[in-house]
Structures are given as structure tokens and as C-alpha cells.
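For reference, the structure is listed below as C-alpha cells.
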Amino acid sequence: MDLTGIGIWSSQLRYGDAGESTEAAAELEELGFTALWIPDVGGPVLDAVARLLAATKRTVIATGILNLWMHEPGDVAESYAALTDEHGDRFLLGIGVSHAPLIDAGQPGRYRKPLAATAAFLDGLDAAPRPVPAEGRVLAALGPKMLAMSASRSRGAHPYLVNPSHTAYARSVLGEGPLLLPEQGVILCDTYDEARRIGTDTLRAYLSMPNYANNMLRSGFSEDDVAQVSDRLFDALIAWGDEEAIMRRVAEHREAGADHVCVQVLTEDPRAFPREEWRRLAAAI
């Protein structure tokens, strides 16, 4: 399983038109991206994994992340075994606890003790007739306790909505050996005003979630930075500009200890496949 280089994190590959998703995945493989990451905010995510595996030959398909509240570990382990039997060692199971406001919206009070819930889910994967091996899974992790669990019970960590400083911190907690696979939001644009127009509302929505807001506070940003999505915070979380600027941010993550960086391209239309932007980034790698 090649988890070096640069990957693509994309909601469009997960929730966009299935035909275009299949076509885009095949092209992304030819462009040289080593992994394709998809989210899970409801629906049959493992069906999407199967479709993307079938559309590719070499590329790793990763969940970023599979929401543990929405799945039974025994079912996930059974699907993992079937997918790896058919497609080889190309499915990386990223697992996470999501966010209390999202989970509790449908069932108030369900989201609690995220560390214990994660450990219990991993226990279920381990106890399945065909367990998901630790080297086949990673955990969404921001804080020290979840990062430590990533190191001890999985192949590594997939931090989301982070900057290179957090990558350096995460590497210090993980130590050498476990994989560190951060997501990085990027905007290919000419001006800061354009970047702000595209990215501010996305960041504001993310930062309304306590996990992300608290991580920014731990990282040295103020409550005002978070509430206002300050310029300082925007620049820390979004890489914007031309291809050189984007590649410079990717290099900063690598220098800070990342093994692989998955890039999420943001555009004016969040539903559209950013295929031209993906091509531009591939040409710059």
C-alpha cells in the first residue's frame, strides 16, 4: 500500500454523480495521485469505496473518515475482507468519531466518551471472524490521547483541518513509525479576496464544531480568531494562490513529519468536480 506522495480528499468522489466519480478516479490515478480519500456523513460509504477500487488499479482508496457511530464493526470488518480479497491491499480504513452536534442532532446524548467509543469500535474490528488488521486502519486524531491511540492501535493518524505546526506536534506524539496523513485545504486563485470568498464559509462551518475549534485553541489561536475566522487563522488552514504556493504548503507538512498529504481543492461550487484544478496540481508535483 503506497502511502507516500500526495493524495486527493474529495466529497465529490463520494457524493457526486457516480459516473463522473468513476471517470475522475481513473484519471486521478493516471495523474499520479497515490490515494483518494472520501468522507462519510451518511449513506453506504463502503459501496463508494468498492466503486472507486473498481475504477482504479494501483491507487489507495481511503475513508476520511468512516463515521463509527453509523456502522457496526462486524459489518465493516466483513466488507473490508471482501474488498481486500477482490482488490488487494488498497483499502485504508480511516475511522473517526465525527462531531457531537452532528451525531446528537438525530439522537440527543448519543455522542459521548469519544475515546472509549473509538476503543470499543476497534475492539469490535479485532473480534470479527476476519479482523481488520491494525496496518489496514488509521484514526482521525487531533488531540494527544487520540493521537496516542492512533499509534498504539492502528497504522497512524489522519488529522483533518490542520496546519504544518499541528503536523509537527502530531509527529512528536506519534513518534517515529506510525503514519501521519494530514488533510490540507487548498484554493487555486489569483487574489486573497478570491480565496476568502471561496473558503471563509467552509472554515466557519468547520469551526462551529467543538473538535476543530478546540484544536485551534490548543494550537495557539484565540477565541476571536476562531469566531471571526481571522486572516491569521485562514492562512494557517488554507493554502491559496498558484501551484507553487500549494506545493510549498505540502512541502511544509512533509518537513514537519507527514508521510502523505491529502489535498482537498475548494472552489466556488462545492458540488462540482474540480478536475481542472486536480490536473494543474498534478502537473506541478
Side-chain angles (χ1 to χ4, degrees), residues 1-68 70-96 121-122 124-140 150 153-158 160 178-183 259-264 273 275 278 281-282 285:
M1 187 183 291
D2 182 7
L3 286 165
T4 58
I6 297 174
I8 292 293
W9 197 105
S10 171
S11 62
Q12 296 88 356
L13 291 173
R14 169 72 173 89
Y15 292 108
D17 175 78
E20 184 168 8
S21 176
T22 297
E23 181 183 294
E27 182 183 14
L28 288 166
E29 178 172 74
E30 293 306 309
L31 289 172
F33 294 104
T34 55
L36 306 180
W37 297 75
I38 58 172
D40 178 25
V41 290
V45 65
L46 296 175
D47 288 355
V49 169
R51 184 181 70 247
L52 295 172
L53 285 168
T56 54
K57 298 180 178 66
R58 304 175 304 278
T59 304
V60 173
I61 306 301
T63 50
I65 48 73
L66 179 136
N67 188 323
L68 65 81
M70 297 180 177
H71 304 273
E72 292 298 324
D75 296 338
V76 172
E78 183 178 359
S79 294
Y80 179 93
L83 290 168
T84 53
D85 283 348
E86 183 172 358
H87 299 286
D89 187 24
R90 290 199 293 124
F91 175 27
L92 182 64
L93 179 64
I95 304 162
F121 195 88
L122 296 176
L125 295 179
D126 291 342
R130 292 185 62 184
V132 176
E135 60 268 23
R137 63 200 193 200
V138 294
L139 302 183
S150 299
R153 300 205 57 185
S154 79
R155 193 170 181 175
H158 170 51
Y160 186 95
L179 292 177
L180 181 53
L181 316 164
E183 175 269 352
D259 297 285
H260 167 93
V261 180
C262 43
V263 171
Q264 179 178 186
F273 287 75
R275 297 181 69 171
W278 289 339
L281 291 175
I285 294 174

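Of the options Val138, Thr63, Leu122, a side chain to side chain contact (heavy atoms under 4.5 Å, CB included) to Ile95 is made by Leu122 and by none of the others.
The distance from atom CD of Glu27 to atom OG1 of Thr22, rounded to the nearest 0.5 Å, is 13.0 Å. Interatomic distance, CG of Leu281 versus CZ of Phe33, reported as 5.5 Å (0.5 Å rounding). A distance of 10.5 Å separates CD1 of Ile61 from CG of Leu92, quoted to the nearest 0.5 Å. Annotation: the span from Leu36 atom CG to Ser10 atom OG amounts to 8.5 Å, rounded to 0.5 Å. Distance CD/Glu78 to CG/Leu83: 10.5 Å, rounded to 0.5 Å. To the nearest 0.5 Å, the span separating CG on Leu181 from CG on Leu139 amounts to 11.0 Å.
Side-chain contact between Val132 and Phe91 is absent, with no heavy-atom pair separated by less than 4.5 Å. Looking at heavy atoms from C-beta onward, Arg51 lies out of side-chain contact with Arg14 at the 4.5 angstrom threshold. Contact annotation: the side chain of Leu93 approaches that of Leu125 to within less than 4.5 Å [non-hydrogen atoms, C-beta and beyond]. Residues Tyr80 and Leu66 have side chains not in contact (no heavy-atom distance under 4.5 Å, counting atoms from C-beta outward).
Formation of a donor-acceptor pair under 3.5 Å by the Glu29 side chain with backbone atoms of Arg58 is found in this model. Listed for the Asp40 side chain is a donor-acceptor partner under 3.5 Å among the backbone atoms of Asn67. Looking at Thr34, its side chain does come within 3.5 Å of a backbone N or O of Thr4 through a donor-acceptor pair. Arg137 places a side-chain N or O within donor-acceptor distance of the main-chain N or O of Arg153, the cut-off being under 3.5 Å.
For Asp259 and Arg155, the salt-bridge test fails: no basic side-chain N is under 4.0 Å from an acidic carboxylate O.
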| said: Pair Leu53, Glu86 - check side chain to side chain contact (heavy atoms under 4.5 Å, CB included), show working. | reply: CA-CA 9 Å; Leu53 285 168; Glu86 183 172 358; over 6 Å; no
| request: Carefully, step by step, assess Trp37 and His158 under the rule side chain to side chain contact (heavy atoms under 4.5 Å, CB included). | output: CA-CA 10 Å; Trp37 297 75; His158 170 51; 3.6 Å; yes
| field | side chain to side chain contact (heavy atoms under 4.5 Å, CB included) between Val45 and His71, worked out | value | CA-CA 10 Å; Val45 65; His71 304 273; 3.7 Å; yes
| query | For His260 and Asp2, what are the C-alpha separation, side-chain angles and deciding distance, and is it a side chain to side chain contact (heavy atoms under 4.5 Å, CB included)? | reply | CA-CA 9 Å; His260 167 93; Asp2 182 7; over 6 Å; no
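Taking both residues in full, the closest heavy atoms of Ala48 and Ile38 are given as CB-CD1, 3.9 Å, listed atom of the first, atom of the second, then distance. Taking every heavy atom of both residues into account, Ala55 and Ala25 meet most closely at CB-CB, 4.2 Å. Contact detail for Ser21 and Leu13: the closest heavy-atom pair is OG-O, 2.7 Å. Nearest approach of Tyr15 to Gly42, heavy atoms of both residues: OH-O, 2.8 Å. Looking at every heavy atom in both residues, Gly96 comes nearest to Ala140 through CA-CB, 4.0 Å. For Pro178 against Gly156, the heavy-atom pair with the smallest separation is CB-CA, 4.2 Å.
Residues satisfying the ring pair (Phe, Tyr, Trp, His ring centres under 6.0 Å) test with Tyr160, not counting sequence neighbours, are Trp9, Tyr206, Tyr212.
Using the six-membered ring where Trp is involved, Trp278 and Phe273 have ring planes that are perpendicular, over 60° apart on the 30 and 60° scheme.
Heavy-atom contacts from other residues, nucleotides or ligands closer than 6.0 Å to CD of Glu72 number 12 or fewer.
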